[in-house]
Structures are given as C-alpha cells and as structure tokens.
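Letters go in sequence order (proteins before strands), and every chain restarts at 1.
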Amino acid sequence: MSETSKIEQKWQKRWEEAGIFESDPDAKRQKFFVNVAYPYMNGAPHLGHAYTFIRADVYARFKRMQGFNVLFPQGFHATGEPILGVVERVRNRDQDQIEALRALGATDEDIKNFAEQGPEFVVAYWMDRWVRTLKSAGFSVDWRRSFVTALTPTYNRFIEWQYNTLKNKGYVVQGTHPVVWCPHDQSPTGDHDRLVGEGESPVEYVMLKFELDDGTILPCATMRPETAYGATNVWINPDGDYVKAEVDGKAWILGKVAAEKARDQLHKVDVKEEIKGSMIVGRVAKNPVTGLKVPVFPAGFVDPDTATGVVMSVPSHAPYDWMGLHDLKQDMGLSQKYGIFQEALDAVVPISIIKVEGMTENPAVEVCSRMMISSQKDAEKLDEATDEVYKKEFHQGVLRENTGYPGVRISEAKDKISADFVRKGWGEVFWETTSEVVCRCKTRCHVKILENQWFLKFSDEEWKRRAKEAISRMNLYPETSRTQFLNTVDWLKDKACARKSGLGTKMPWDRDWIIETLSDSVIYMAYYTISKTLKERKVDADGLTDEVLDYVFLGKGDAKSASKKSGLDEKAIEEMKGEFDYYYPTDVRFSAKELIPNHLTYHVFHHVAMWDDPRMWPRGVSVNGFVTLNSQKMSKRFGNVKMLSDMIETYGSDVTRMNIVGSNENMDDADWRDDSIDAFASRMRMLHSLSRDIEKSKRKDMQNPDKSFISMLQSRIKSTTEACELTRFRSAIQSGFFESTNDLKWYIDRCGGIENCNRDVLEEGISTIVVMMCPFAPHTAEEIWEGMGNKKLAASSMWPEANEGKADSESESGEDMIRQVADDVRQIEKISGIKPKKAVIIVAPQWKFDVYGLVSKNKSADFKTILSMVKEKNEAAVKYIQALQKRGELSGNLVSRQSQLDLLEEAKAFIGKQIGAEVEIQDAETSKLEKARNADVRKPAIFVL
RNA sequence: GCGGGGGUCACCUAGCCUGGUCAAUGGUGCCAGCUUCAGAAGCUGGUUCCUUAGUGGAUACGUGGGUUCAAAUCCCACCCCCCGCACCA
C-alpha cells in the first residue's frame, strides 16, 4: 500500500470514529441538506459520476465548516430494466456482457452469482463497490441513511404513498399515447434499444381519404395536407404489397404493413385480400378536399412500407411528384404496361397553390430543372430539392386563391389546416416515425397508440405555474441554467409514468403497472430523513400506512391514531416526523446538466404537487457538465473510461478530487488531465513542507510584507468563500489554493527566507490555506493540520472569515512597488548584459510618482484626468487624487515618496539578491549622481553600475 | 425543427452582466537558465510581431458592421461548434 493511501485511510478511520459526518436533528444548530442524484446499480463509479459526487462532498464539507449541521446522505437506484437485462444476458451466457463485467472487476464467482442469485445480488454487489469507493474517496456521507430503491419494501411503500397522494390530487391520469413500438418484442422501443433510428420519434401525418369509384377509401398519407389543393393524381407502387381491408367498417386499400400499423393505432382492421399495387393503377379517385377526380399512377419511389403506402401527387410543389410524372411521360412502355392513355397523362399538369417570392409558379419544376435532375431514381438530388422547396414554401410561402386559405402563410396555418381537414372528415391522423426505426431484435418498428397508460399530468397549467414558482424561488448554480428549467416546464407534456416490466414499485391501484424509474426517484430525498429510523427501529413496510406517512411528511392527522391503526410505535412516528421537519427541504442537489430536462425538473413538479407549503420545496440545484478524459469524450465503446477507484489507487483521493473538481466549473465540461496532476501534488507537498518549517521563523514585529500578506489573505478568503457558495470550485481552488500559496511564496521570498518571517503571520497564512483546502483535499489538510499541533480535526474546524480590519491596501501597494522595482532591476540586468556590482535606485521627485494600484470607480473622465495630470507634472495631482480617495471614488493607494524611500531601504537586501549585487537607495533631490537628478522618471529610477 | 450553451494570444480556461488598472487570468505544453552523477521533481525567467537599459508602437478576443472619447465587454447581421428533445437511466 502506498504512503498516500495509508495516510488517507488513517484519516477516514478517524472521521468515522469521531462520527462527525453523522447528522441528527439539533434545534440549536441550523441544518443544511446536501444531496446527489443517486446512481444506478449496474456498474462501478467512473470519473463522470465522480465529478458530481465530489462536488457534492466538497460543498457538504464547506457548509459543515461554516457551522451548519450538514446532512449528506447517499442512496442507490435499482428501478427499471437494465439490472434485469444484465441478469438475463449473463444467464444466456452473453460473452460481451460477461467481458464487460470482468472489465469492471467482477470475478467468475461473482458472475456466477449474478446468474444464479439474480437482481438482489447484482444490486448488493455494486452497492458494496460504490460504498467502498466513495469511502476511499473521503466522502463525508452519513451512511446510516443509505438505501436502495425497488428492492426495499419500505421504499416501495413510500412510493405507493406518493402515487396515492398524487392520484388523489388529480395529477395521475390515464390516457392514450403514441410510442415507437416493436411488434416483435411487443414493447416500446427506446432510443438505446434501437439498431437504426436513434433520435427518431412519432410524428403526425394526415391520411386524406381519397375515394375510388366504388367507394373504397385510398388513404394518402401526407405531412403537407395543404397541398391537397394541388393534387393532380395518386401514386402507388405497382410492385408493392397492398391489402383490401375493412377499416372501421369501411372498405380501404392500403399498404400491407400500413394495415398492421392502423391496427396499432386504434383502428379496427380486418384484412380481406392481399393485392399488388398495380391492380389499382389507372383507376380514378376523388380528392376529399377539392372533390376533383384524379387518376392513380404507378411510381417506384413510393415505399409501400412507409406510412400508408399511398401518396397524392403534387407536381407543382413536390420534386418527386414532378419527376414521377416526367418519367411516366418519357417511358411509353411503362404507361402502356399499366394501360394509361397518353391523353390521361397529358391532362395532368401541375397546379400551383403556393406563392413564393422569388420563385416561379411551380417551384418543384424550377428546382428540378436547375439541379438537372433527370429521373425519380436520382434520390440524393431529389431529397435535396425537396428539402429546399419545402423550406422556402414553409417559411415564405403563401397559399393562393385556389385554396381554402387564400393569403395565408404556410408556417402559420399548417396545424390549423390539418385539424380542419380531420374535423371535416376528409382525413384522419396517422402516426409514423420520423425516419426508419429498427429494433435491436432487427424488427422494423412503427408507432403504436398505447391505451390505458398512466400519466403524470405535466401538461396541467396550474401545475406548471406552481413548478415555475418553485423554480423562481430556487438557488440555481450556475444561474444560467434557470432558463433551461423554465423552458422545460413550458415544453413538458404528459409523462407516462408506468411500464409493464422492470424492477420497481407496482402502481398501488393497478398492479399490472410498475412505476417507472424517472417517476420513482423524485421525492426520495424525503425518504433519507426517515431511513435511519426505519432501519434502527426495524420498521417493516406494513407499518408505513398512508396515514402514518401523511402525518410524517404532510402533518396531516395525528400520531396517536396513525400509530393505533398501523401498529407502529408512536415514538418511531414522532421521530421520523421530527427528522423530516428539521431537515426538509433539500438545500442543494447536485447533478449533471443532462438531468435538467427530465429528472431535475420532474423533481420540482413532484415537490410542488406533494407539498402545498412552498417552504418544503427544493431550495437549490447545482449542475455540472460532462467529463472528458484528456479532451476525449468518455466512451465505453472506445475503452476511454476511467474508474474512480483506479484513480484513487494511482494518485490518491485528494489529488484526484482536486484534479477533477479544479478542472472546470459551471456547466462546462470538466477535462481530466493526467498532466495537470503534478500541479496539485507538488503544491500540496510544498505547503506540507512549509508547515513543518514554521517554527524556524522567529521575527515578531509587523513589517510591510507581513501586513501586505495578511491583507491579501483576506481577499483570498473572500473570493474563495464566494466561489464556494456558488459551487464554483475551480475558482475556489484557484484563489484559495494556487493564488494564496503564490502569495505565501512571495511573502517568504520577500522576507528573505522562512527564518525571517513573522511567526504569527506565517502560521496564520498556512493555517488559513490549509483550512480552505480542507473540503477539496481533506486528507492532506488533516495531515498538515495535525502536524501544526492542532488537536481538533480540520474537517470540523471553522471556515475562515475575511477580516476587513486586516485589509491594508497601502502596504499591498507598497509590496507591489517593491515587486515592480525588483522586476525592473532583473530586466535591466538581463537586457544590458552587464553583471553589475551595484544598483542605485533613485526615488523620483515629488511630482513624479507612480499610480500603483489606483482604480477609479467613477467612469471615464477622472481616471483620464489623473493620468494626464501626472504626465504633465501637475503637483495638484496629489491633492486631487487624495480628494478623490476621500470621497471613495478612488480605490487603491498612492505610495508616498517617503514610504517609497523607507520601503526600498528596507527591501534593499531582497532586491539585491535578484541580481547578486549591492543596492543603494537615493533620493533624486539629494542624489550625487547628476544623471539621476536630471532623469525624467515616474517610478523609482534604477541605475546599474 | 424546438430549446439550451458556446467560439479568447499552442492547448484548456478567466474576463463579458456593471465598457477604461486588458497584450488580456490561471494551469498545461514549449524554450532558456539554475539545481542534479543521471533521470524525475523543484526553482527563475520567457512564450503575437517590431523596437528598447526597465520603453514605445503595431496587430489582436469567430466574421462583418454599428454605438462610444474608449469595446473581448453593449447593439445588429452572419458563420461555425457542442448538448437535450421523453416512456430511457
């Protein structure tokens, strides 16, 4: 075992023994509830998880050090399909799955148990891994409150109570809903279950009911129903498989596949006979919109498997249709084969129904000829042409007089036209996927309308309003995420909240359904507050009646009656209620930004539904970006995944924590860089070794460097604290760790080594830095802290507070001047190439001074004036500047001439060391050097001799 | 298509809300020097171009305009990149 991990384990043990992370209600202290979205138990934590989790731990530690009674619990998630999927695949000896588990460190014995013991074992296995890893990362979690969803009966009971409550309030409703459906698996096909068609979703077509002479309906599916006014004919694939069927009691002809789809879309379909498309070519169909009778023509571009397999032809506005006609007219053989007369073909001319500025009457014709498309087989160009025509017509096109909507813009009227057509009985809605979708089982999917599905009624306006109210009250880190939350609320439609398969809690009133994973993970933060009691008092699920939970969480009814009916000890009930009342709501919830559009917004919705009292609504959310590895996307497929436990083993927890949390903040992606690790490690080593040398310092008096260092430390404290509050940990590490240690280095250098430092100042500086790095690198902080003679744990020490009284901008300006002079001396030496024996520094005459650190708080004029006054040797400048300072319009300090002389005199040795030469300070006014007296300088002048 | 976030001097990032201390923060890389048996680490300095004894100037914050005494920062247009879009954790 490495030295680092020995030290880290030592402190982890000490923390555990001290029990400082276990939190119980304490009326005298203010609570703070930090939590992370719980992880799913089908793998071990990798750096992606680690980023969010470490951020949460840093914040919990920070708040604890600020004196809050911090509750930081951690639960685990097992609801849903994937765990069952793993078990099934292992049972089927799926080699890919077994390899994947081995790669995660599972032994053959483990894998055997996966198969034999099933989900319980899988969950227990990963939970164990997670807990061990999080502990080794130094997490300050109250482990007494942990639990896992789905497999915990009391948790199931809690979820039942949640859904009973929601249903009583009318937030859970039953309804129908279109989903992408696999006819083979007989289940919805989610994105991750697809071989082809990731990201595709159901869209609404309108199938317009063209009618053949005998009354048979020929449904033409279209996404542009308005173009029905320009339909010249109907297309059918002559070689395609079609059926004659009775649909909802009427005779239809449609694609064979389409008949199946229609059946899944709540139509009553009875297939009578299979036919080829060619059988209806040449017949005449009546357009339901215009009443016009148009012929049915053959076209190879019609896919009988897409939508209804029948389309109407609008050659004026659809490039495919125009080319279809073109081909038919060219190929006499084809038209003869299907018995289409030349006259019939000649009769078909494009009917323009949309006017587009800057385009001819028939945009499709125009574009086809411009792009030199020669046939309907030129699919690539035709798709491009279609896209172009469609976009122009949609955005700029206006319907002509020959339609039912003259002068209307397509983009504005499209939805209304569809609705009108359906209402008038000219057409019906038909669902299709946006593009081809193929299930993992290799079956082509289509859209099914699910019936009797349970929904959370997120479309409810009042519910939305309350969700928005809650969001507006929340602290969001970063603030920029707020619009995303609000937009999500607007955008959210009813959400299916139950499935037929997977692990989870059964819908209490409809045991066929299982509450789905995103729907049973939204108010469980409340469960943390009772989880400890449930375990300690061994409460079983039966005891947790709705009445008990109503009392505990909502304050309804009374404990006595709830106790009597449930048989649960009244003390247990009161204890749970006490915990809940004390800790709720959550103060900050940490998560990755990908959960904003779903989980995080749902969790707001559910809280406002469950609790009428806004004081119980979540108070804050902090989101972070993704994690990349050395700028490469983390991806299991390319083996580009790093496990947290490996990183801890290799680098130690502290460095790992800093390297990930310090790499970025806000919603930007965090980049794990192997090569930045040293920066953290070496800085910590430096701090550690300095802390051991403190006792070498002997000086007692306060000199300028001392005052300046202490002053700068105050601003570091301030900015570090502010950054931490906003969960901007990169900034916090920047100022609280890197910049403050830089200050420390300068201070020691300036004093001429640690021996010449002021003991108290040095100790205060190092202590402050160590305490500020404690949330980030807790183990190292403890180690240094103890080494400095502290008895109390660093983790329970107080976070430093900036002391305004110690701010001293004058001495900071002084140090700044020394820095400048020292820098200049080095520059001159270097550029001149002289190895000097002596450097003479001459302080300028009265009017010639520098404006170190001066900042104008007023806008333009003043600062400009000052500069020009200084340049023009105006002695009044000093008075003017002083007046401005008095009025508070200028911040910063002038370094007066006398101070310049004094400071430089005192810093002679330090400056001399830069070039290894003697330094002499002279006053320009009394200088013996003629050159110096006459020099036109603004800063102290330097001559190297 | 809808919604969100971005484009900064090698790379990653700060600054932008509240315009002037911005040739612009910090880290990494690279170069030089010190240290070292060597390596690693550490330390110091440099890292747009020209010029200079610590200076001055030019060009620069996606592109093009605009507002202003003054723009990385405000306004307009454009180009490009990333992410989410539901029954899935």
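Residue A/Leu518 is classed as a base contact, given a heavy-atom separation below 4.0 Å to a base.
Remark: B/rG84 base-pairs with B/rC2; criterion is Watson-Crick or G-U wobble with both hydrogen-bond distances under 3.5 Å. Nucleotide B/rC22 has no partner under the Watson-Crick or G-U criteria, as no pair reaches both atom distances under 3.5 Å.
Look at A/Arg482 and you won't find any side-chain N or O under 4.0 angstrom from OP1 or OP2 of B/rG5. Of the side-chain N and O atoms in A/Lys745, one or more sit less than 4.0 angstrom from OP1 or OP2 of B/rC43. Listed pair A/Ser731 / B/rU25 fails the phosphate criterion, with no side-chain N or O lying under 4.0 Å from OP1 or OP2. OP1 or OP2 of B/rG42 sits under 4.0 Å from a side-chain N or O of A/Ser682.
A salt bridge between A/Asp743 and A/Arg750 is absent, with no side-chain N of the basic residue lying under 4.0 Å from a carboxylate O of the acidic one.
The distance from atom OH of A/Tyr602 to atom P of B/rA86 is 10 Å, rounded to the nearest whole Å. Following rounding to the nearest Å, A/Asp674 (CG) and B/rA40 (C1') show an atom-to-atom distance of 17 Å. A/Leu595 has its CG atom 14 Å from the C1' atom of B/rC85, to the nearest Å. Put simply, CD1 on A/Ile83 is 10 Å from P on B/rA89, counting in whole angstrom units. In this structure, CE of A/Met41 is placed 14 Å from P of B/rA89, rounded to the nearest angstrom.
A 6.0 Å sphere centred on CD of A/Glu88 holds no more than 12 heavy atoms belonging to other residues, nucleotides or ligands.
Annotation: cation-pi geometry not satisfied between A/Arg657 and A/Phe776 (NZ/CZ under 6.0 angstrom from ring centroid, within 45° of ring axis). Remark: A/Lys500 qualifies as a cation-pi partner of A/Trp513 under the 6.0 Å distance and 45° angle criteria applied to the six-membered ring.
In this model, no side-chain donor or acceptor of A/Asp678 finds a partner on the base of B/rA41 within 3.5 Å.
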